[in-house]
Amino acid sequence: VLPAEKAYRYDYFFESPLLSDVEFDSKPQVLLIGQYSVGKTSFIRYLLGRDFPGQRIGPEPTTDRFTVLINGPEERTIPGNALSVHPDLPFRGLERFGVSFLSRFEGSQVPSSVLRSITLVDTPGILSGEKQRLNRGYDFTKVVMWFAERADLIILLFDAHKLDISDELKQTIDVLQGHEDKIRCILNKADQIDRQSLMRVYGALLWSLGKTMSSPEVARVYVGSFWQEPLKNLDNAELFESEEKDLMRDLAVLPRQSAVRKINELVKRIRKVKALAYIVGYLKSQMPAVMGKEKKQAKLISDLPNVFRTIMKKYGLAPGDFPDLTSFASKLSEIKFSELKPLSSKMIDDLDGCLQKAIPQLMEQLPSERDTPETLRAKGGAVDVPVPTLNSKFGKKQVDSANPFGFSQEDEDNYWALQDSSERLLDSFEALGPQGGFLSTQTARDVLVKTGLTKDQLRQIWNLSDIDKDGYFDHHEYVVAMFLCDAVIQKGRPIPSELPISVIPPSKRALLNRQF
C-alpha cells in the first residue's frame with residue numbers, strides 16, 4: 001500500500017500522513033466531544049477513578065486544549081510538541097496543524113489500569129459564534145477529523161439542560177460523516193430532571209440529531225449521570241444503571257475489537273488509494289505531450305464531475321471511494337498535471353492482492369466464534385478494560401461491604417444458593433473467552449450441547465438461564481445454566497417451569513419481576 005500512497009501523493013490529496021507501524025501498534029482510542037460543561041472531563045475522571053494531571057472541571061469553558069491520557073509510571077504532563085515527535089505514539093501527523101495547535105495540545109500521563117488498554121482524548125468544549133472559531137488559531141474541525149479517523153469509539157456528550165446544537169458543533173458532527181459506526185451519544189446529567197421532562201428532552205435530542213447527522217439510523221443515546229456522585233433523583237435509577245452498564249460494556253470490549261477496526265480502516269484506505277491511482281493516472285493520460293498543457297489542465301479540473309463518472313464506470317469503482325469533489329479540485333489547481341505519475345498496473349495488482357489475499361489472512365488470525373477455548377488462548381488477545389461499577393451511586397448497598405462468607409438464608413434479598421458454585425465455575429467461565437464479561441450466543445450454545453442433553457431440554461434450560469433475554473450469558477447466567485444441566489444429568493431431576501427465587505442471582509431478580 002505504501003508505494004502506491006507515495007506515488008500518487010495520498011498524503012497531499014487526503015491530508016493524511018503515510019502509513020506507519022506505530023499506527024497499527026497503538027492502543028484503541030476513545031474520543032470525547034461535546035459543548036462546554038457537558039461533563040467530558042468528569043466522565044474521564046469517573047472512568048479512571050482518580051484525578052489526572054492537567055484536569056480542569058467547572059461550569060465555564062475550562063478545557064481549552066486537546067488532552068491525550070496515556071498510561072505511565074508517574075504523573076506528569078507532556079507538551080504537545082514533544083508528544084507529536086514521540087516515536088511510540090501515533091501523533092506525528094498532528095505536526096501539520098502547526099505550532100498554534102501544538103501549544104494547545106498536551107499529554108497527561110498517569111498510572112492507570114484503564115489506560116493500559118485504551119487511550120482517552122479529551123477535547124475543548126465547543127462554543128457558538130464565529131469569533132470563537134477564529135480565536136482558536138487552528139482549524140478545530142480538521143483536528144477533530146484527524147482524531148476521528150484514528151479513534152475506535154467517538155463519544156458525543158450532551159447536557160440535559162442545554163440541547164442546542166451550535167454552529168461549530170454541527171460542523172464538527174458533519175466531519176464525523178463516514179464514522180457513524182463509531183459514534184455513541186450520551187445524554188448526561190439526566191438525574192437532575194424528573195421523569196416527564198426526561199422523556200421530552202430525550203425526544204428533542206433524537207430529533208436534533210436526526211436533522212444534524214446524515215444517517216438513516218437513529219443514533220444510540222445512553223441516558224444517565226456519568227460521574228461518581230450519587231444520583232440526585234432516584235426515579236429513573238434502574239434505567240440509568242442499565243444504560244451505564246451497556247455503555248461500559250461497549251468500552252470494556254474495545255481492546256478486543258481494536259484489531260478488527262484497524263483492518264477495517266486499512267481496507268477503506270486501500271480502496272481510496274486505488275481510486276486515487278485511477279484518477280491521477282487518467283488525468284495524466286489526458287495531458288498533451290507538448291503544447292496547451294495549462295489550458296487542458298484547467299479544462300479537466302472544471303470537468304471533474306464527468307471525469308469521476310468516467311473513471312467510476314470504466315473501472316467499476318464505488319462512489320464512496322472517491323475524494324470530496326470540491327477539496328480535490330482545489331488541490332489539483334495547486335499542482336502541475338505533467339508531474340503526476342501514470343497509472344501502474346503492478347501497483348493496482350498489489351492493492352487488489354492486499355484486498356483479496358492479505359486482508360483475509362489477517363482476519364483468520366483474529367479470535368472468532370469458531371475457535372475452541374484452546375485456540376482462543378493460543379491467539380491471545382487484549383484484556384478487557386476494567387470499567388467502574390458503583391452500586392451506591394444508584395441507591396444500592398455496596399456488595400463489597402458485605403460479609404466475605406456470603407449472606408445467610410434469612411437475608412432473602414441477597415442470599416444466593418449458587419454462590420459457592422459461582423466461585424468454583426469462575427475459572428471455567430473465563431477459559432471460554434468472554435467478551436466484556438459475556439459469552440457469545442455460539443460459545444454458550446456449544447457449552448450446552450457438550451452436556452449431551454436433548455435439544456428440547458437445552459431449549460428449556462436456555463430460556464431459564466438467559467434471564468435478561470439478551471442472547472448472551474454473563475457469569476451468573478452461566479452458573480445457573482450449569483446448575484440446571486447438573487441437576488438433570490447427575491441427579492435426574494426434571495427441569496422446573498420457573499426458577500426458584502433462591503437460584504436467581506440477586507442482581508437479576510428485579511429484572512425478572514418486571515418481565516412478569
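Within a 6.0 Å sphere centred on CD of Glu334, other residues, nucleotides and ligands contribute more than 12 heavy atoms. Atom CZ of Arg184 has more than 12 neighbouring heavy atoms from other residues, nucleotides or ligands inside a 6.0 Å radius. Around the CZ atom of Arg269, the shell of radius 6.0 Å holds more than 12 heavy atoms that belong to other residues, nucleotides or ligands.
For the residue pair Leu317 and Ala275, the shortest heavy atom distance occurs at CD1-CA, 4.1 Å. Counting all heavy atoms, side chain and backbone alike, Ser117 lies closest to Pro28 at O-CD, 3.1 Å. Nearest heavy-atom pair, Pro87 versus Val22, reported as atom, atom and distance to 0.1 Å: O-CG2, 3.9 Å. When every heavy atom of Arg92 is checked against every heavy atom of Val85, the shortest pair comes out as NH2-O, 3.3 Å. Nearest approach of Val68 to Phe91, heavy atoms of both residues: CG1-CZ, 3.5 Å.
Side-chain atoms of Tyr222 and Asn188 include no donor-acceptor pair closer than 3.5 Å. Side-chain contact annotation: Asn71 with Ser112, donor-acceptor N/O pair under 3.5 Å absent. A side-chain donor from one of Thr141 and Asp139 sits under 3.5 Å from a side-chain acceptor of the other.
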task = Start with the C-alpha distance between Thr67 and Val121, add both sets of side-chain angles, then the distance that settles side-chain contact (heavy atoms from CB on, under 4.5 Å), and finish with yes or no.
result = CA-CA 6 Å; Thr67 304; Val121 182; over 6 Å; no
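Side-chain N or O atoms of Thr123 include one that pairs as donor or acceptor with a backbone N or O of Leu32 at under 3.5 Å. The closest donor-acceptor contact from the side chain of Ser197 to the backbone of Ile193 lies at 3.5 Å or more, if one exists at all. With hydrogens and angles ignored, the 3.5 Å screen pairs a side-chain donor or acceptor of Tyr12 with a backbone N or O of Lys331. Within the 3.5 Å criterion, the main-chain N or O of Gly471 finds a donor-acceptor partner in the side chain of Thr441. Remark: side-chain polar atoms of Arg271 are not paired, donor with acceptor, to backbone N or O of Val267 under 3.5 angstrom.
Put simply, the side chain of Thr443 does not reach to within 4.5 Å of the side chain of Phe473, judged on heavy atoms. Put simply, the side chain of Ile33 reaches to within 4.5 Å of the side chain of Val144, judged on heavy atoms. By the 4.5 Å heavy-atom criterion applied to side chains, Leu47 and Leu251 are counted as neighbours. Proximity of Leu176 to Ile154: side-chain heavy atoms (C-beta onward) are separated by under 4.5 Å at one or more points. Phe438 places a side-chain heavy atom less than 4.5 Å from the side chain of Asp470. Within the 4.5 Å cutoff, no side-chain heavy atoms of Arg76 are placed close to those of Ser108. In this structure the side chain of Leu31 never reaches within 4.5 angstrom of the side chain of Leu153, judged on heavy atoms. Taking the side chain as every heavy atom from C-beta outward, Tyr36 and Pro124 never approach each other to under 4.5 Å.
Partners of Ser100 according to the side-chain contact (heavy atoms from CB on, under 4.5 Å) rule, which considers only residues two or more places apart in sequence or in another chain, are Arg104. Partners of Phe337 under the side-chain contact (heavy atoms from CB on, under 4.5 Å) rule, at least two apart in sequence or in another chain, are Leu283, Met287, Gln297, Leu300, Ile301, Leu332, Leu340. Remark: Phe101 engages Phe66, Phe97, Phe105, Tyr138 in a ring pair (Phe, Tyr, Trp, His ring centres under 6.0 Å) (not counting sequence neighbours). The side-chain hydrogen bond (donor to acceptor under 3.5 Å, both in side chains) search around Asp25 returns none, not counting sequence neighbours. In this structure, the side-chain contact (heavy atoms from CB on, under 4.5 Å) partners of Cys185, at least two apart in sequence or on a different chain, are Leu156, Phe158, Ile183, Leu209, Ala219, Val221. Partners of Tyr8 under the ring pair (Phe, Tyr, Trp, His ring centres under 6.0 Å) rule, at least two apart in sequence or in another chain, do not exist in this structure. Every residue two or more places apart in sequence or in another chain that forms a side-chain hydrogen bond (donor to acceptor under 3.5 Å, both in side chains) with Arg261 is listed here: Asp152. With sequence neighbours excluded, the residues satisfying side-chain hydrogen bond (donor to acceptor under 3.5 Å, both in side chains) with Ser327 are Asp324. Residues satisfying the side-chain contact (heavy atoms from CB on, under 4.5 Å) test with Pro73, not counting sequence neighbours, are Gln109.
Electrostatic pairing of Lys189 and Asp159 counts as a salt bridge here, judged by a charged N lying under 4.0 Å from a carboxylate O. Look at Glu149 and Lys268 and you find no salt bridge, because none of the NZ, NE, NH1 or NH2 atoms lies under 4.0 Å from a carboxylate O. A salt bridge between Lys299 and Asp303 is absent, with no side-chain N of the basic residue lying under 4.0 Å from a carboxylate O of the acidic one.
A salt bridge (charged side-chain N to carboxylate O under 4.0 Å, His left out) check over residues 335-351, counting only residues at least two apart or in different chains, returns the pairs Lys346-Asp350. Pairs engaging residues 291-310 under the ring-ring contact (aromatic ring centres under 6.0 Å, His included) rule: Phe308-Phe322, Phe308-Phe328 [sequence neighbours left out]. Applying the side-chain hydrogen bond (donor to acceptor under 3.5 Å, both in side chains) test to residues at least two apart or on different chains, the pairs with a partner in residues 272-285 are Lys274-Asp352.
The distance from the CG atom of Leu276 to the CZ atom of Phe14 is 5.5 Å, given to the nearest 0.5 Å.
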